[in-house]
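A short worksheet on the structure shown next.
A, B, ... follow the sequence lines: proteins, then strands. Residue 1 opens every chain.
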2 protein chains.
Amino acid sequence: MIKRKAVKKSLECKVRITAITDTMQVLSGKWKIHILGTLLQGGRMRFMDLLREIDGIAAKMLSKELQDLEMNQLITRTVVDTKPITVEYEVTEYGKTMEPIIDEIANWGVFYRNRLHGKAE
Amino acid sequence: MIKRKAVKKSLECKVRITAITDTMQVLSGKWKIHILGTLLQGGRMRFMDLLREIDGIAAKMLSKELQDLEMNQLITRTVVDTKPITVEYEVTEYGKTMEPIIDEIANWGVFYRNRLHGKAE
DNA sequence: GAAACTAGTTTCCAATTGGTAACTAATGCA
DNA sequence: TGCATTAGTTACCAATTGGAAACTAGTTTC
């Protein structure tokens with residue numbers, strides 16, 4: 001018996017921990033999942049649409065989080081030459097690979113609420 | 001056309017936002033997902049095992065996060081009357097419903113790493 | 001009796017996060 | 001001319017988060 005646990009840790013666990021850390025870093029902060037979720041439902045949306053749709057977010061936060069998401073290539077930013085200039089945001093194909101995560105998180109949240117009330121009913 | 005968008009928001013979006021907020025609150029902080037992930041892999045584990053297994057966590061953080069997870073009934077805490085007293089932590093059946101989320105997050109992290117290197121290869 | 005191991009707790013500090021409110025700059029409308 | 005709308009930015013501030021290190025306290029081993 002010569003430290004089998006340490007081997008087990010190095011191989012399986014570390015890769016997993018790195019993977020989880022990466023994902024959570026990309027989704028860090030209070031708003032990114034909500035922005036992605038809203039854009040996944042709404043398709044192409046403008047800044048002001050998002051500001052109105054996502055309850056409680058401030059312009060500063062929305063702006064910063066959109067920049068982060070764009071840097072990670074999860075969304076695209078397109079300036080449209082309308083009367084007052086508008087900017088459209090859209091989830092990329094790559095960004096759409098986040099959908100299973102967001103769905104699982106949303107599902108669990110519903111499950112959680114149901115459990116808090118009557119599970120016997 | 002009398003504000004159809006607002007209706008759409010109230011019905012679909014708000015429930016989803018609440019659900020996501022709930023889940024993320026239960027998983028809040030830097031360590032909860034790692035602790036759950038480690039316990040899901042390792043089964044019944046002691047405090048010191050977790051401290052050694054989860055790279056970088058401090059005793060204070062581990063202690064606090066374990067308390068949070070126990071309060072939310074995702075794990076159980078059992079004091080064992082060994083020579084120096086030990087405490088065992090284990091994921092509950094309810095806690096195991098988090099597994100799909102953690103798996104999706106870990107999967108995406110692996111996908112993310114692969115994409116950063118060679119996707120053409 | 002000293003050192004080590006168990007499972008934490010306490011204190012103190014630094015960095016990050018996120019919120020409010022005011023401001024910019026370009027354009028259109030009355 | 002003055003107000004509204006677009007998409008932000010800036011400055012300031014408060015709360016939360018998390019990390020290091022030292023400490024507690026009981027038991028066992030050398």
(request) Tell me which nucleotide among C:dA7, D:dT6, D:dT28 gets nearest to the side chain of B:Thr86. (result) C:dA7

(request) Mind checking salt bridge (Lys or Arg N to Asp or Glu O under 4.0 Å) for B:Arg77 and listing every partner two or more places apart, or none if nothing turns up? (result) none

(message) Whole angstroms only, please: what is the CZ-C1' distance between A:Arg46 and D:dA7?
(response) 11 Å

(request) Could you tell me whether the phosphate oxygens of D:dT5, OP1 or OP2, come under 4.0 Å of any side-chain nitrogen or oxygen in A:Arg52? (result) no

(request) Sequence neighbours left out, what passes salt bridge (Lys or Arg N to Asp or Glu O under 4.0 Å) with A:Glu70? Give chain and number order. (result) none

(request) Kindly state each residue pair satisfying salt bridge (charged side-chain N to carboxylate O under 4.0 Å, His left out) with at least one member in residues 20-29 of chain B, sequence neighbours excluded. (result) A:Arg113-B:Asp22

(message) What is the separation between atom CD1 on A:Ile35 and atom P on D:dA7, rounded to the nearest whole Å?
(response) 14 Å

(request) Residues of residues 18-28 of chain B with any non-hydrogen atom less than 4.0 angstrom from an atom of DNA chain C: list those, numerically ordered, please. (result) none

(request) Enumerate the residue pairs fulfilling ring pair (Phe, Tyr, Trp, His ring centres under 6.0 Å) with a member in residues 55-95 of chain A, sequence neighbours excluded, ordered by first and then second residue. (result) A:Tyr94-B:Trp108, A:Tyr94-B:Phe111

(request) For B:Lys14 and B:Thr18, test the side chains for any donor-to-acceptor distance below 3.5 angstrom and give the result as yes or no. (result) no

(request) Can you run down the ring pair (Phe, Tyr, Trp, His ring centres under 6.0 Å) pairs that involve residues 43-76 of chain B, sequence neighbours left out, and say none if there aren't any? (result) none

(message) Can you work out whether A:Thr82 or A:Ala58 has the more 5'-proximal nearest nucleotide on DNA chain C?
(response) A:Ala58

(request) Using atom CD of A:Glu65 as one end and atom P of C:dT17 as the other, report the distance to the nearest whole Å. (result) 9 Å

(request) Rounded off to whole Å, could you give me the CG-to-C1' distance for the A:Leu50 and D:dA7 pair? (result) 12 Å

(request) Provide, to the nearest angstrom, the distance between the CG atom belonging to A:Leu51 and the P atom belonging to D:dT6. (result) 10 Å

(request) By nearest nucleotide on DNA chain C, pick out whichever of A:Lys30 and A:Pro84 is the more 5' one. (result) A:Lys30

(message) Run the salt bridge (Lys or Arg N to Asp or Glu O under 4.0 Å) test against B:Lys60 and tell me which residues pass, sequence neighbours left out.
(response) none

(request) Ignoring hydrogens and angles, state whether a donor on the side chain of B:Lys96 or B:Thr92 is under 3.5 Å from an acceptor on the partner side chain. (result) no

(request) Quickly work out the A:Met61 CE to D:dC13 C1' distance and round it to whole Å. (result) 13 Å

(request) Please state how far atom CG in B:Asp68 lies from atom P in D:dT16, giving the value in whole angstrom units. (result) 14 Å

(message) Checking B:Glu99 now: which residues fulfil salt bridge (Lys or Arg N to Asp or Glu O under 4.0 Å) with it, not counting sequence neighbours?
(response) none

(request) Could you run through nucleotides 8-14 of chain C and give me one letter per nucleotide, 5' to 3': B if any protein heavy atom sits under 4.0 Å from the base, S if only the sugar-phosphate is that close, - if neither? (result) SBBB---

(request) Would you mind reading off the distance between B:Ile54 atom CD1 and D:dG19 atom C1', rounded to a whole angstrom? (result) 16 Å

